[in-house]
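Here is the structure we will look at.
Just so we're on the same page: letters track the sequence lines, and every chain starts at 1.
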Amino acid sequence: MAMIFEFVVQGAQMILVLALAPLLIGFIRKVKAQLLRRRGPSIFQPYRDLLRLMRKEVVLADNASWLFRSAPYIIFGATWVAASLVPTFGTGLMFNWSADLIAVTALLGSARFFLALAGMDVGTSFGGIGSSRETMFASIAEPAMIMIVFVVALIDGSTQLTEIAAHMLAHVELRVSLGLALIGLVIVAIAENGRIPVDNPATHLELTMVHEAMVLEYSGRHLAVIELAAAMKLLLYFSLVACIFVPWGLAPHGADFGAMTFGAAAYVIKLAVGGFLLALFEISTAKMRVFRVPDFLGAALMLGLLGTLLLFVSRSL
Amino acid sequence: MGNLSFDVAHLFAGSLVLVSFMLLYQDRMSGLINIFTAHAVILSFSVGWQAYIQHSPHLFVTAAIAIIFKAVMIPVSLQRIMERLRIHRDIEIIGGIGVTMLLGICLVALSLVVMLPATAAADPLAREDLAFALSVVLLGLLMMVTRRNAISQVIGFMSLENGLILAATGAKGMPLVVEISVAFSVLIAFIVIGIFLFRIRERFDTVDVQELDRVRGGRR
Amino acid sequence: MNVPALAPVEALLVIPALSALILAFLSGYRLTSYINVISSGMTLVLALGLLFDRPEPGSYLFVDDLNIVFIVLSTFIGFTTSVFSASYIGHEIETGKLKPAYVRFYHAMYQSMMFAMNLALLANNIGLMWVAIEVATLTTVLMVGIYRTPEALEAAWKYFILGSVGIALALFGTILVYMSAEPVLGEGYNAMVWTALMLHGAEFSPRLLNVAFVFLMLGYGTKVGLVPMHAWLPDAHAEGPTPISAVLSGLLLNVALYAVLRFKMLLAANAAAIAPGPLMITLGLASLIFAGFMLYRRDDIKRLFAYSSIEHMGIITFAFGMGGPLANFAGLLHMTMHSLTKSAIFFAVGHIAQVKGTQKIADIRGLTESHPVLGWGLVAGVMAIAGLPPFGVFMSEFLVVSSTFARQPLLAIPLAFGLLVAFGALLLRVIGLAFGEPSDSIGEVEASVVPLFFHLALVLMMGLWLESHIVAWFQNVAGLLG
Amino acid sequence: MTPLTAALWSIGALLGVGGLAAALARGGDASRFIYCLCGVLCLILFGAAVVPRTAVALTATLPLGLPWIGAHFRLDVLSAFFLAVVNLGGAIASLYAIGYGAHEKHPSRILPFFPAFLAGMNLVLLADDAFSFLVAWEFMSLSSCALVLAHHHDAENRRAGFIYLIMASFGTLALLMAFGLLAGSVGGYSFSAIREATLGEYWKPGLALALTLLGAGSKAGLVPLHIWLPLAHPAAPSHVSALMSGVMTKVAVYGFVRVAFDLLGPPAFWWSMPLLTIGAITTVLGILSATIQSDLKKLLAYSTIENVGIIFVALGLALAFKANGMALPAALAFTAALLHVFNHSLFKSLLFFGAGAVLNATGERDIERLGGLIHSMPRTAFLFLGACVAISALPPLNGFVSEWLIFQAVLLSPSLPQWSLKLLVPAAGVALALSAALCAGCFVRAFGVAFLGRPRSITAKNARETDLWSLAAMSGLLALCLLAGLLPSYLIDTISPAARAFVGGHVPTQGDIPWMSIVPIAESRSSYNGLLVFIFILFSAFLSAWIVRLLGTHALRRGPAWDCGYPDPSPVTQYTGSSFAEPIRRALGHVAFVARDHLDMPPPGDTRPARFGVEIRDRVWDYVYSPIQMSVEFGADQLNKTHFLTIQGYLTLVFIALVSLLLVVAIWP
């Protein structure tokens, strides 16, 4: 019985992230539009877009291979799994034990790997640009992410998100290292999700685009799946920040339904706040040149390393 | 025996060194051959004297070989080679005579420094003999090194070998001295014949050793 | 004096001497080369016989643990080389490189050389040994110049002059040794007899021995081919007939080394004398490193391997200079392995030069493709001589380097450096020779590859498995060497 | 018959097969037969390694080798593990070669050496005295060098063989000196004697470790001793490249582990520092160099260097923990290292097999002339892709598991007492993370440029799928990669006796953990379950596909590529490998190499095309090897002048030697 309950909770988490992801995108777009004094589309517009894309026929390039056709589902699968491993409303979910924070990072890496390959499959110059740049960003963003994981894991003595959240809740303290890690994580999140100032998700046909360049050849249901995966990735990073740095409201392992509902509500509020902050940030900065991005990400890496070192210093003091 | 025998042996050995210096000093071919003849004669006297004072008659054979072979045959054949090959010119000496002489004196000093303490236990006759012999050997080697001409090098080698014979006879009761001197004579004969042969067969334009070295296919 | 017991020892001298006499009067290439092979074979059999029945030392000749190693080795290589020589000289006559008239001379000289070397090894007298080595030098000089080309004559001349000076220095050293022994052993013959010298070595005047050793080391070192007295060696190897190169590397160098070792033992027995080790180590290292660098600029294949002989003589001298049971064992083993391997290489090189019509390294390429047997034989030989396992040289180099490093780490570094430098050069050359697009050949040769592969097989076998008798024997000798 | 004797007999048989091959190769088509024999013998050896599951070491002595010591052989847990790795690789390579070897033009240059190479590697693992070890070690180098020289008409290959053998001999000399030091002047060369001996002075173990690092490191490809590796590995035929990269480097790792963890005795903490530093530098430089390579096999060889670096970092961690008496973390790091050894041998072999298949099908190793192979060689492409995923350390394949374990070990570093290590280990962790990310990029590029897109040359267009033998070998490897990724707990339990024997501890037994998770330390700390993640991903992917089908249309139309409306049919407009790598080269590359762009712009009016080129120079080569080469050349030139002296000049040398020695004697007290 308990097992079935856990199973259901896990399923709920999966469906929650799936359902909330487009909403988050729509919310951010709406907020951005409002901040720019535009009306903007409805916050449910992303759902409509996805449905419309699914109903459209797929136009496939002549020389697209099986990899091109299967990549969207692999990307989606990996991202979805990663997203459902990060605690949203409650910790200690059934599958939480099957992967830790490093594994979540690596799962996102898998998704990116296939996305970059898909960008190269048709053999167009745009796809190549996108893949190449994505690879370069990732090659710095990933170690930065790992350093942030180090900081967090060294503080909390675990790489297991459930444990991290629990530890954070139990030992509330302000640490310089943690602050550095937060900044680093935000930088990584911005880069990984192709947000301003690294990439502009709203543009096409611009030589500096990265993510959009890779998916340029996709259409119809394939594009829908990829867009949904991208939305879930954004949601994942929001959840990650929420889970590590503001774990309040998370339902502990084995909590009852009420606590979980409370957790879910808290989660939605966290998302809303985060989305607002992101929108605010995005309208107040401009996109940077592509070759400035490594420096930007390098800063995250340095912050992570600095955080680790400061940790030793502060511990020994 | 006593002092006289020592003095005479000393005299001969000493004059051998002196003649070695003359060889070093000499820069004319015919003069060189003549002085070498003197070198060989003194050696044979020295060997003869040793034979006499050591009562070892076989050393007379060595003395005879020295006088017949080295003082007569070799100089004569060298003269003939010289005439055949028309070598009359002066001998080039690397570094000049002054430096060579200075080096020679240093070598003699070195051989004394090396030999005298080493032979402290041996009888004085042998000591002196050995030190002088080493000087002659080193001077002979010096001559081979500083002369650019095959004949003078051969002469250098022969004076070196004379030093060896001097040492061998000075070593009391050393067996096989005769055999060794014969072996050396063969060696020298080979060298002389070698020079002669090369010339007759016209393999080399001169017997200048540098010319020998120059005949080296495309190897340089 | 037990004359009948000494018979096999004397026969070791008589057979080559007699054959030399006979060969000097016979002509006809086939017959003379048969006699040459048979005589060498008989000498080998006699030498092997000495292993089992060793006579008492006589006053002129003697056999002990040390020289029997050298005797067996040199008669063995003398024999295999005579087999190789038969086919090699045959081809030289066919191509007209060597006049038939010289063959008589060649074979007579070959046997005289064997006689001289055996005498040098067997002599129980430092004077006799000196005479024998001189005779050996003379005979080899004549054989080096046998082609009568300007290069050959020049090489012979150079060999002759430098060898003569070396021999003269060695004589002076010999006289000095006699002088130092004379107060102890009395005047006359006894003071030159090895067996007596060894017994009373500790009582001799150490200072005189020091001076003597300097002369002996330089004198006999010239024949060993140690730097800086090495200059005759590459040219003599390169310009003479290849069997002579094989014999020079495989035999003559060892004989000279034997003389050095004997005197080293004499000095080692005398506590007050200068230690011979440092001098040998210095000369050994100098030869190794010098030859290693020289290998890089060689364009003549036989000169290349001649310099490699200098290198290996350096290693062997170094090992004996280090002393101690391990290093001495390694030195003996290395000497054996080097003789076998280097002569095998020359067997291969001789035929290669014949089929390619040149000794220029740049003109020989792709041997493993054009002449697989000779090519792979050469590769195997070079790998062996470069000290790669599973060949025997590796075992000795292993022992030398590791024992040196354990005792004197600072000495092992130049040693390893030299080995590596030399290895690089050999490898560079052999890759060029054996691989790549094959170059033109001028004809075929009926190569006698049996001696080549027999040597290599021996080297391979001894690299993996040393027979226990040989081990005990070498260990015993190593102990003697101190 | 004990497993050890069986193993020794099989090794003997392998040598025999080599001889047989030498005899047969000239005749007819012997290659299938020979490779079959090799494969079978490798399987027997694999069995010998796997069957004994006891911790007791088997020993044997043969009357070979050093006469007064004999050849000792020993099969303990460590050698058994490596034996299994080597022979698994060997067996699969033989299987692959049954198909691949049929294309070989000169089988007589490969067949005799292939079994000899296998035998050499096996002997290294079993050797139990210094002499046998080094003989086997060098024999392994020598036989593989013969294989590198198999295609000897190519001057590049000859150069590769030369540099390879020089470096191998350098390594052997270093090891030889290390053993000399360990054995002492009395010559106790057997490993059991070395274990018992105490080295005394504090500097001796350190020196021995440094020499071992030089020796084993040069074989394994640690920077800066790696330069031979990217030359030699690609030069060999592909199945041999696979063995050299996938397996032989592991033998080198074995050599290092054997000395550092076994023979040297208890470690000091600072031993780990050179390992961590060099390992970290090696990973980053290796993968950066791989990223810019356009030669597919060279790229793989550089990636081997990276992985060797990872293994050495893990070994360094294990030493650091062991020196501080922390058994569990030490066991974790050690296990991670060995697991990575196993994993890398699988996917690197697979990658080389794939490269070999491509080479056979197209005759090209240059990825700039490939492209679109996923259409003509779909199976090879799939298998190669799997290996790319595995080597990029992406879940759920095996590469991730070992890297994950290493990260877990890195995370334990704060408990180390030494400050230097506390700071060094996270830095090494950054290097590992960086290299993992770069590795993914590198293999996106390799696969993307070679297999995806449109063909860049005629040969690439006309490629045909490779033969079934090769495909079978590659499929087997991919299956193993997947299995090792999904069920690592079995492997970890297999390694743990070795960890217990060599670092004195072991990670918790993984077989008992429910759901087949792996929990290296404690569940509260970290856990990973590859199987669940895999099922989970499969489930999600299929679920999404199903839902999409349910909600959307099935309609699909083929048309020309969109490419923002300006599709260009010429394949040269595709992104090339070098343009793909350019951002990374710009961002990070200057630590590893000097790249000089040069633009050849014709003046106005000239009709020739403008050309843009990049010249890339390896810093290690420039700063380390060129000076060495130049000084050797200089020395050779200077000394060579003595070859042309006159006789008189030589006499002068003798004279000077004589006089100076006499002087020495004169001043001798």
Side-chain angles (χ1 to χ4, degrees), chain A residues 54-55 57-63 65 67 73-74 76-78 80-81 95 97-100 102-103 106-107 109-110 113 116-117 120-126 128-129 131-133 135-136 138-139 142-143 146-147 150 153-154 157-160 163 205 216-217 221 225 291 294 305 308 312, chain D residues 372 374-375 389 392-395 400 404 407 411 414 422-423 426 429-430 433-434 436-438 440-441 444 447-448 452-454 517 523-529 532-533 536-537 540-541 544-545 548 551-553 555-564 571 573-575 580 583-584 586-587:
Chain A
M54 282 191 201
R55 296 216 177 100
E57 76 171 346
V58 171
V59 182
L60 208 56
D62 287 323
N63 62 333
S65 67
L67 182 68
Y73 303 105
I74 301 175
F76 179 82
W80 197 13
V81 171
F95 289 163
W97 305 110
S98 66
D100 63 354
I102 298 176
L107 275 171
S110 302
F113 186 88
L117 282 183
M120 299 184 77
D121 186 54
V122 179
T124 60
S125 41
F126 278 108
I129 290 182
S131 305
S132 164
R133 290 181 176 167
T135 306
M136 173 186 64
S139 64
E142 255 188 39
I146 295 282
M147 277 330 286
F150 275 17
L154 292 180
S158 171
T159 53
Q160 211 59 275
E163 292 290 325
L205 287 186
L216 200 58
E217 295 298 323
R221 54 178 186 269
V225 171
F291 285 104
L305 197 59
T308 318
F312 288 130
Chain D
I374 195 168
H375 301 290
V389 174
S392 305
L394 299 177
F400 176 70
W404 185 79
F407 279 128
L411 284 173
K422 269 188 208 227
L423 299 180
V430 176
L434 186 62
L438 282 171
V444 165
F447 186 81
L452 302 179
R454 288 167 285 163
S517 277
E523 195 166 58
S524 66
R525 199 164 172 104
S526 53
S527 59
Y528 169 71
N529 189 327
L532 269 185
V533 168
F536 213 4
I537 292 176
S540 320
S544 59
V548 166
L551 290 177
T553 68
L556 188 141
R557 181 160 57 88
R558 287 275 182 178
W562 157 235
D563 205 14
C564 287
T573 58
Q574 295 179 89
Y575 236 51
F580 189 96
I584 292 177
R586 289 246 170 140

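Looking at heavy atoms from C-beta onward, W80(A) lies out of side-chain contact with F536(D) at the 4.5 angstrom threshold. Looking at S131(A) and Y575(D), their side chains never come closer than 4.5 Å, going by heavy atoms from C-beta outward. Using a 4.5 Å cut-off on side-chain heavy atoms (C-beta onward), D100(A) and Y528(D) make no contact.
For the set K422(D), Q574(D), R454(D), the count of heavy-atom pairs under 4.5 angstrom toward chain A peaks at R454(D). Across T135(A), T308(A), V225(A), the residue that shares the most heavy-atom pairs under 4.5 angstrom with chain D is T135(A). Per-residue counts of heavy-atom pairs under 4.5 Å with chain A were compared for A587(D), A545(D), P571(D); the largest is that of A545(D). Between chain D and the options I146(A), N63(A), V122(A), heavy-atom pairs under 4.5 Å are most frequent for N63(A). By number of non-hydrogen pairs under 4.5 angstrom with chain A, the leading residue of A433(D), S392(D), A393(D) is A433(D). In terms of non-hydrogen atom pairs under 4.5 Å with chain A, the most contact-rich of G559(D), A561(D), A437(D), G441(D) is G559(D). Highest contact tally toward chain A, considering only T573(D), L423(D), V548(D), is held by V548(D) [criterion: heavy-atom pairs under 4.5 Å]. Listed options S65(A), P294(A), A116(A), A153(A) were ranked by heavy-atom pairs under 4.5 angstrom with chain D; first place goes to S65(A). Ranked by non-hydrogen atom pairs under 4.5 Å with chain D, the options M147(A), E142(A), Q160(A) are led by Q160(A). When each of L434(D), L394(D), V389(D), N529(D) is scored by its heavy-atom pairs under 4.5 Å with chain A, the top score falls to L394(D). Interface summary for chain D: among G77(A), S110(A), A99(A), A138(A), the most heavy-atom pairs under 4.5 angstrom belong to S110(A).
For chain A, the nearby parts of F580(D) are the backbone and the side chain; heavy atoms of each come within less than 4.5 Å. Contacts of L117(A) with chain D are made by both backbone and side-chain atoms, with heavy-atom separations under 4.5 Å. With a 4.5 angstrom heavy-atom cutoff, L551(D) touches chain A via backbone and side-chain atoms both.
Without hydrogens or angle criteria, R557(D) side chain to V59(A) main chain gives no donor-acceptor distance under 3.5 Å. Between the side chain of S544(D) and the main chain of Y73(A), no donor-acceptor pair closer than 3.5 Å is present.
Note that CG of L67(A) is 5.5 Å distant from CG of L452(D), once rounded to the nearest 0.5 Å. Atom CD1 of I74(A) is separated from atom CD1 of I537(D) by 9.5 Å, given to the nearest 0.5 angstrom. Residue R55(A) holds its CZ atom at 10.0 Å from OG1 of T553(D), rounded to the nearest 0.5 Å. Rounded to the nearest 0.5 angstrom, R558(D) CZ and D62(A) CG are separated by 7.0 Å.
Nearest heavy atoms, E57(A) versus A555(D): CB-CB, 3.4 Å.
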Determine whether L411(D) and L154(A) satisfy the following criterion, side chain to side chain contact (heavy atoms under 4.5 Å, CB included), listing intermediate values before the conclusion. CA-CA 7 Å; L411(D) 284 173; L154(A) 292 180; 4.3 Å; yes

Under the criterion side chain to side chain contact (heavy atoms under 4.5 Å, CB included), I'd like the reasoning laid out for R221(A) against L556(D): C-alpha separation, chi angles, the key distance, then a yes or no. CA-CA 10 Å; R221(A) 54 178 186 269; L556(D) 188 141; 3.9 Å; yes

